[in-house]
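Worksheet for the structure shown next.
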Amino acid sequence: AQSVAQPEDQVNVAEGNPLTVKCTYSVSGNPYLFWYVQYPNRGLQFLLKYITGDNLVKGSYGFEAEFNKSQTSFHLKKPSALVSDSALYFCAVRDYPVMIKAAGNKLTFGGGTRVLVKP
Amino acid sequence: DSGVTQTPKHLITATGQRVTLRCSPRSGDLSVYWYQQSLDQGLQFLIQYYNGEERAKGNILERFSAQQFPDLHSELNLSSLELGDSALYFCASSAHVGPYDEQYFGPGTRLTVT
């Protein structure tokens, strides 16, 4: 079964400093990986995804993520954090082709990491 | 704004009651997903529909049911409600069922069972 772990419940960073949110995954087939962000009282917003190709994926709002197959990780990064980046971040995985064979397309989410950027 | 709409935004009801949550996917999206977000369980997949047909089931209770209508909107029915059903319920949509399709989430319906 597919699973995702976000080892940190909360990450604190000063504005202007680099931000990293960690994610590790477990799948049977090939991983399709996603990052979402949730602001207070809002739905989840798609940030970026890794399907295949370059291990460094660029997404919205200056975020990027690095896929590392040997470490089964997909860490989210931002070179210079903003106060407005304070939110809840979710990593998610889809197990391909296992899910395709099961005719399903669900995402399995990690527990979320709360990011607090201080001015 | 993701283009996915959900109604109502908030719902307060009593134990034992039945409620219906409604979702309209993004224009052109054929696939609809329902998720439940609670403090103790996190974000859990409930069920997926594609073009009117059930495609996949997750941790959905027998007291819960869903359907997708010909106009592609979807409803999630929750019956015999219990206190533990209090949660944020999200609907998401995607264009198809490809593994690379990202899902776009609605703002959610916050259900409070008293």
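Just so it is clear: chains get the letters A, B, ... in the order the sequence lines come, proteins before strands, and each one is counted from 1.
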More than 12 heavy atoms from other groups under 6.0 Å of CD on A:Q10: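 Above 12, so yes.
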Inspect the surroundings of OH in A:Y61 and state if more than 12 heavy atoms from other residues, nucleotides or ligands are less than 6.0 Å away.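 Open: at most 12 neighbouring heavy atoms sit under 6.0 Å from OH of A:Y61.
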Checking heavy atoms, do the side chain of [X], its backbone, both or neither come under 4.5 Å from chain B?
X     : answer
A:L44 : both
A:Q45 : neither
A:F90 : side chain

Are A:F74 and A:W35 packed together at the side-chain level, in the sense that at least one heavy-atom pair is separated by less than 4.5 angstrom?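 Side chain of A:F74 against side chain of A:W35, heavy atoms only: contact under 4.5 Å found.
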What part of B:I47 gets closer than 4.5 Å to chain A, counting heavy atoms only: side chain, backbone, both or neither?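 Contact with chain A involves no heavy atom of B:I47 at all.
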B:Q37, part contacting chain A, at a heavy-atom distance under 4.5 Å: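 Answer is side chain: those atoms of B:Q37 sit under 4.5 Å from chain A.
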Centroid-centroid distance, B:Y35 to B:F45, less than 6.0 Å: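 Between B:F45 and B:Y35, which both carry aromatic rings, the centre distance is below 6.0 Å.
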What option among A:G111, A:A92, A:G43, A:G112 has the most heavy-atom pairs under 4.5 Å with chain B?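 Highest number of heavy-atom pairs under 4.5 Å: A:G43.
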Check whether any side-chain N or O of B:R63 sits under 3.5 Å from a backbone N or O of B:S80 as a donor-acceptor pair, and report yes or no.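 Indeed, once roles are kept as given, a pair shorter than 3.5 Å links the two residues.
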